[in-house]
Every structure is written in C-alpha cells, then in structure tokens.
Amino acid sequence: MTVTPLQQRFLNHVSQTSPFSLGLEVGKAKGVHIYDVNGRPYLDFISGIGVTNLGHCHPAVVEAVCRQAQSYAHTMVYGEHIQEPQVELAEKIADIAPDGLNCVYFLSTGSEANDAALKMAAKLTGRSRYVAFTKAYHGDTVGAAACFGNESYRKPFALLLPQVDFLRFNDLEALESINQNHAAVIVEPVQGEGGIRLPAPGFLQAIRDHCTQTGTMLIFDEVQTGFGRLGGWFAAGVFNVTPDIIVMGKAMGAGLPLAGLLASRESLNRFAADPPFSHITTFGGNPISCAAGLAGIRSIEYDRLLTHASAMGEGLLKSAQEIMAAYPEKVTHVRGLGLMIGVELKTEAMARQVVEKARDYGVLFETTLLDEKTVRLSPPLIITPQHCHQGIDALARAIERL
Ligand SMILES: Cc1ncc(COP(=O)(O)O)c(C=O)c1O
C-alpha cells in the first residue's frame, strides 16, 4: 500500500490508539456522507460511533455554533458563571427525560461522565464496590475502565482500578448478588461495544428492583443509546425503567464534545456539597457545544426524527434478517433496536472483511470493540429509505463475496 504524504505525517506525529488505524483521509462531511480528500463519498453507517445523529454539518447546528462562537466560547471553569446555552440545554434535557431526572451536571466526555457517576454513587451511599456486566464498555478513564467487561483490557491497569463485581448481562438470577456493599450498578441498557445486545424482557426492571431493595444507585450509561438512537430520547423511556443517574455523551453535543450526568436536583446537590467540588471540570458544558446540543434536540423534534429513526431501523433490521436467511452459513445473528443494529458473522475475520469490502462499495460500517464478529449499523437518524437501500445492498454484496 502506498502511503500518502499526509498519512506519513499522521504516522509520524499523531499518536496511535492501535497499530491498525482505518486511515481514511477526510476531506469534508455533509449529511449522511463523508468525503475523502479526492472527493469520493462514503455513506456513513457509523455516525462517528453514535455521535453525529443529525448527520454532518446540519445547518441548524452549524448556525448555532457560529452564533455562539461569535458571542463567547469559554469564560470560566464549569459551574461558576451562568451561561444561557447551558441553562437552555439543561432545561430541554429535563423536559425530554423521565420524570424525576431534572438536573444536568455538564462534563466533556462519556468516560469522564461515567467516572463522575461512580464517584457520585460512592459519595451518596458511602460504599465502595460496584456491579458491572460482562461485555460492558463504559470508556477508558480509570473508573470507567474498571467496569470494562473484558478482563484483558483491565489487566494492564489492575492495580489502579476500583472494586467491581461482574455479572452476566441478561442473567436475572445473578442479580441476587447485588447487596448493601454496592454503591452502584452501572449498565448500558443496550450494550453497544459488546455487540449490540438488547436487554432480556424484565432484566432492566429487575436491576432497578434489586437496587431499590439494597439502597444501591442505578446508573444507566446512555452515552451510546441517548438522544434518539433507539427511536426514543433515552433507553430509560424506551424500556420504561428510571435509573438514579443517566450518563450522557456522544450525540449530546450534536458532533461537538459534550457529556453529562442527568439526575435529580436533590442528589446532584448532595454531590456538590460537603465537601464541595467533587468533580471539577474546566471544559464541561462548553457553551458552543451546548448551543450545538440544543440545536440538535430541537432539530430532532422539528423533523420528527425519533419516529423516523424507528421506521428506518425496522426496515434495516428486516433487511439484515433477510440477508441472514440467505447466508445462514455466514451470518449467525441479527439484533437491534432503532438505529443501533448488529449483524453477527461467523468469525471475526469475516466481519473485518465485510467492513473492508463495503468500504470499497462506498459504505462505512465498523465492528464492535468487544465483539469483533459483529458489524454495527448505526447511521445518522436522518438516513432516508434510499440510503438504507444502498447500505443494505453493500452489506449483502460484501457478505455474498466472503
Ligand atoms: C456506552 C459507552 N459509554 C462510554 C463511552 C466512552 O465515551 P467517550 O469516548 O466519550 O469517553 C462509550 C464510547 O464508545 C460508550 O459507547
């Protein structure tokens, strides 16, 4: 493979997270397409991993960003100055959230927000152990990494990590072990990086019940499921189970870095006091990101994208199931909800080949981090039936050629 000058400079000076970067040279991105530096369009079925739910450069988001950038960007560490974009976004989120979750603690990344949620649970309960689930992914800061549902990723940092008991996702009996030593149970209502795994009927409610009985806080990590990905604002609403804390990130800033905790005013007041400053963060709730996030929610509402995402998701799921029926020797499972869909291949090598072949056909898919047999379909919510058709066609052709 020939290395372009920009690729060489990237390899020289930009630190790698793994030895196998995807290497796409991005020229621009608009709507559901990313264009490489030669102008070749790629249909985006990844959304920056659940970030660009409104697609790229949505006019309402661009307008909000420009307007706010001309007004002010950063004035003080989070929580000190009153900034209207934060206030408006917090009010709006409280409006779309399940009852009782009415206050937002703004942060910058999903991992940081999970760490803050774990700290909040420790402070409010006075306890120090946690429950997480196999195949969970909550991010890579120290607290979040402790909840990584795959031991090999935790091992190099084991000495640093807080105590976490791992239970099998969807094992209702295992929930009996939640007890009064646990500060919190942290769970992705739909596991993302674990291979797009839906909760078994009653599983989330059973966790809620065990937490309530033992005084353990329930944290829903909605970094990936939030802001419309499942066809509802939050998984909590979709599954009708209300946690004590919802952790938000990714699509919250409509493409800009933004994350947060959503909880009750009362519990966030306790986090902020005695002693104060439990989790100071300089860039949390950056006003430009908040303006973008607010424009994002308003556009999802205005364009009725929740209903649209559900309809597009149902169609994609059905088409993926038809592909599985046509190639049972290659595709073993198809699962998902809304626009969070996983297509499980027989082997990791097959899944990788599907991703690579589809890219040759102009469609970007990716596998999930902890289940590399599963190819994820997570396009922007603005996807049209025609784009869905193009994506499914590329998927089917890639699988056919295996
Ligand atoms: C469910 C979940 N939680 C947390 C994170 C970490 O978020 P961030 O990369 O913004 O720190 C991710 C990222 O993929 C995620 O999928």
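In each ligand, atom 1 is the first atom listed, and ligand 1 is the first ligand listed. Position 1 is the first residue of the sequence; numbering continues from there.
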- Query: If you count only heavy atoms, which residues are under 4.0 Å from ligand 1?
  - Reply: Thr109, Gly110, Ser111, Asn114, Tyr137, His138, Gly139, Glu188, Asp221, Val223, Gln224, Lys250
- Mind running side chain to side chain donor-acceptor pair (under 3.5 Å) on Arg208 and Thr242 for me, showing each step along the way? CA-CA 8 Å; Arg208 174 68 278 176; Thr242 304; over 6 Å; no
- Message: A cation-pi test, strictly: NZ or CZ of Arg197 under 6.0 Å from the centre of the six-membered ring of Phe169 and no more than 45 degrees from its axis. Yes or no?
- Response: no
- Derivation of the side-chain contact (heavy atoms from CB on, under 4.5 Å) call for Ser378 and Ile49: CA-CA 7 Å; Ser378 60; Ile49 312 206; 5.9 Å; no
- Task: Go through the side-chain N and O atoms of Gln213 and Asp209 and say whether any donor and acceptor fall under 3.5 Å apart.
- Result: no
- Task: Specify whether Tyr153 and Phe148 have parallel, tilted or perpendicular ring planes, treating 30° as the upper limit for parallel and 60° as the lower limit for perpendicular.
- Result: parallel
- Examine the side chains of Glu222 and Thr225 and answer whether a donor and an acceptor come within less than 3.5 Å of each other. yes
